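Encoded as structure tokens, the structure appears first; notes follow it.
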Amino acid sequence: MSPILVTGATGRLGQLIVARLVEQKRQVRILTRRPEAAHGLFGTTVQIAAGEFADRISLNAALRGIGTLLLLSPISQRLAADQIGVANAAESAGVRRIIKISGSDWTIDPPGSSISGDAHAAVEQYLRRLPVESISLRPNAWMQVSLAHTIAQVLAGNPVTAANLDAGIGYIDARDIADVAVHLLLAEKIAGGALNLTGQAVKTPRQIADLIATALGRRVAAIEKRPPAVSLDTDFEHRAVAQFATLIAAGRAAVTTDAVASLLGRPPRSVENFILDRLAAEAALAG
Ligand SMILES: NC(=O)c1ccc[n+]([C@@H]2O[C@H](COP(=O)([O-])OP(=O)(O)OC[C@H]3O[C@@H](n4cnc5c(N)ncnc54)[C@H](OP(=O)(O)O)[C@@H]3O)[C@@H](O)[C@H]2O)c1
């Protein structure tokens with residue numbers, strides 16, 4: 001069986017995807033600009049291809065003999081160009097399936113709401129035209145990013161803050177995104193298009209504050225706070241994040257779907273369990 005190439009493998013979601021593939025005894029190759037760091041993370045369990053998106057020669061070498069590609073890159077001005085470059089190189093190398101980690105559905109649809117959503121949309125459209133089987137996963141906000149940050153803030157003695165305390169989010173656990181991605185990488189057949197991945201319930205910042213308060217057995221304040229102002233010279237990632245805050249405050253992320261359950265045959269992981277596990281892990285670290 002040909003190896004699976006994972007880009008973004010050393011990042012937050014990529015590591016979870018690689019771990020699952022290795023556990024299932026799949027041959028995995030990763031593309032990284034930091035082969036030594038990757039070796040520290042994965043040892044000899046994966047093939048390490050040193051290279052980067054903008055370097056077609058390194059891409060071609062990484063893609064040699066690959067049948068399936070997991071396409072992930074960070075939010076940046078280069079997102080669309082980088083991912084389209086990888087997709088082109090993959091097609092030339094004879095890759096048969098591409099699973100793309102896309103932006104949250106509410107950043108992509110309707111167009112023009114989010115600079116990073118628009119960049120992901122451009123890649124999705126490109127993939128649809130490519131003669132390669134592909135699917136784009138559009139995960140809602142990840143528990144391991146914004147919710148983990150909220151928990152860390154509370155543990156540091158700060159309140160829960162949000163632009164709108166009553167605008168909920170259908171948070172998804174990144175482990176569920178990884179489970180879905182691996183399922184689709186290995187499935188015999190996939191439906192094309194895009195999948196809106198969410199957790200099982202919408203939670204507002206006010207409810208999150210209450211859940212953390214109950215778990216800690218103390219009061220946790222929740223305060224409304226405007227998102228930081230951004231100017232045109234603010235970098236792409238920070239502009240994108242500020243747009244996310246505005247869209248979330250307008251209730252756009254308050255969505256759940258049954259995509260995770262219908263693919264995996266079990267419900268998505270819950271916010272309640274994530275909060276309890278995080279607090280237990282932090283307590284264990286604190287000693
Ligand atoms: N966080 C959320 O709530 C959320 C929601 C929906 C969608 N997303 C999407 O998730 C993606 C981010 O995932 P993440 O947080 O797991 O990423 P991350 O932790 O920021 O990791 C970025 C990865 O990209 C690799 N990379 C960066 N520049 C590269 C280059 N020029 N050439 C080759 N590799 C490069 C890095 O590898 P090396 O450093 O090893 O080279 C690293 O593995 C974004 O596309 C974002 O839109 C996130």
Side-chain angles (χ1 to χ4, degrees), residues 5-19 28-42 46 48-59 61-63 69-87 89-90 99-109 113-124 136-150 169-178 180-181 194-199 236-241 243-245 247-248 252-253 255 259 271 274:
L5 181 68
V6 180
T7 73
T10 59
R12 284 173 284 221
L13 179 58
Q15 286 188 48
L16 299 176
I17 293 171
V18 170
V28 180
R29 188 179 302 160
I30 66 156
L31 175 78
T32 176
R33 298 162 302 172
R34 302 176 297 134
E36 279 173 22
H39 191 265
L41 276 175
F42 304 120
V46 302
I48 296 174
E52 71 159 287
F53 301 132
D55 172 9
R56 179 69 187 246
I57 293 172
S58 69
L59 270 186
L63 283 158
L69 168 68
L70 186 288
L71 179 58
L72 184 164
S73 76
I75 292 174
S76 93
Q77 190 95 48
R78 290 202 48 83
L79 187 146
D82 281 345
Q83 294 199 5
I84 287 171
V86 179
I99 308 294
K100 167 178 160 53
I101 304 300
S102 200
S104 299
D105 189 72
W106 45 270
T107 66
I108 293 177
D109 201 11
S113 328
S114 150
I115 50 175
S116 88
D118 287 350
H120 278 299
V123 181
E124 288 193 10
S136 296
L137 304 183
R138 298 179 177 179
N140 208 332
W142 308 356
M143 295 182 199
Q144 281 78 354
V145 180
S146 46
L147 184 52
H149 176 73
T150 302
I169 300 179
Y171 284 113
I172 183 163
D173 190 311
R175 292 170 293 182
D176 287 333
I177 310 170
V180 168
L195 267 180
N196 182 358
L197 303 179
T198 75
F236 186 95
E237 187 184 351
H238 285 91
R239 270 188 291 146
V241 170
Q243 287 176 333
F244 298 158
L247 292 167
I248 288 170
R252 295 280 300 282
V255 177
V271 162
F274 182 83

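Heavy-atom basis, side chains included; hydrogens, waters and symmetry copies ignored. Sequence positions, counted from 1, serve as the residue numbers for this chain. Every number for a ligand or one of its atoms is a count from 1 in the order of the listing. Given the structure is predicted, the values throughout are model-derived calculations rather than measurements.
Between the side chain of Thr150 and the backbone N or O of Ser146, at least one donor-acceptor pair lies under 3.5 Å. For the pair Gln83 (side chain) and Leu71 (backbone), a donor-acceptor distance under 3.5 Å is absent.
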Once you restrict both partners to nitrogen or oxygen, which atoms of ligand 1 have a protein partner under 3.5 Å, and how far apart are they?
residue  : atom   : partner : partner atom : Å
ligand 1 : 3 (O)  : Trp142  : N            : 3.0
ligand 1 : 15 (O) : Arg12   : NE           : 2.9
ligand 1 : 15 (O) : Arg12   : NH2          : 3.0
ligand 1 : 16 (O) : Arg12   : N            : 3.3
ligand 1 : 16 (O) : Leu13   : N            : 2.9
ligand 1 : 19 (O) : Arg12   : N            : 2.9
ligand 1 : 28 (N) : Arg33   : NH1          : 3.3
ligand 1 : 31 (N) : Glu52   : OE1          : 3.4
ligand 1 : 32 (N) : Phe53   : N            : 3.1
ligand 1 : 37 (O) : Thr10   : OG1          : 3.2
ligand 1 : 39 (O) : Arg33   : NH2          : 2.8
ligand 1 : 39 (O) : Arg34   : NE           : 2.8
ligand 1 : 39 (O) : Arg34   : NH2          : 3.3
ligand 1 : 40 (O) : Thr10   : OG1          : 2.6
ligand 1 : 40 (O) : Thr32   : OG1          : 2.6
ligand 1 : 40 (O) : Arg34   : NE           : 3.4
ligand 1 : 40 (O) : Arg34   : NH2          : 3.4
ligand 1 : 41 (O) : Arg33   : N            : 2.8
ligand 1 : 41 (O) : Arg33   : NE           : 2.8
ligand 1 : 43 (O) : Gly8    : O            : 3.3
ligand 1 : 43 (O) : Thr10   : N            : 3.2
ligand 1 : 43 (O) : Thr10   : OG1          : 2.7
ligand 1 : 43 (O) : Gly11   : N            : 3.0
ligand 1 : 45 (O) : Ser73   : O            : 2.6
ligand 1 : 45 (O) : His120  : NE2          : 3.3
ligand 1 : 47 (O) : His120  : NE2          : 2.8

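Minimum interatomic distance between Ser102 and Ile108 (heavy atoms only, all atoms of both residues): OG-CD1, 3.5 Å.
With a 4.5 Å cut-off on side-chain heavy atoms, Phe42 and Thr32 do not count as touching. Counting only heavy atoms from C-beta outward, the side chains of Leu59 and Leu31 approach each other to under 4.5 Å.
Under the 3.5 Å distance criterion, with hydrogens and angles disregarded, a donor-acceptor pair is assigned to the side chains of Asn140 and Trp106.
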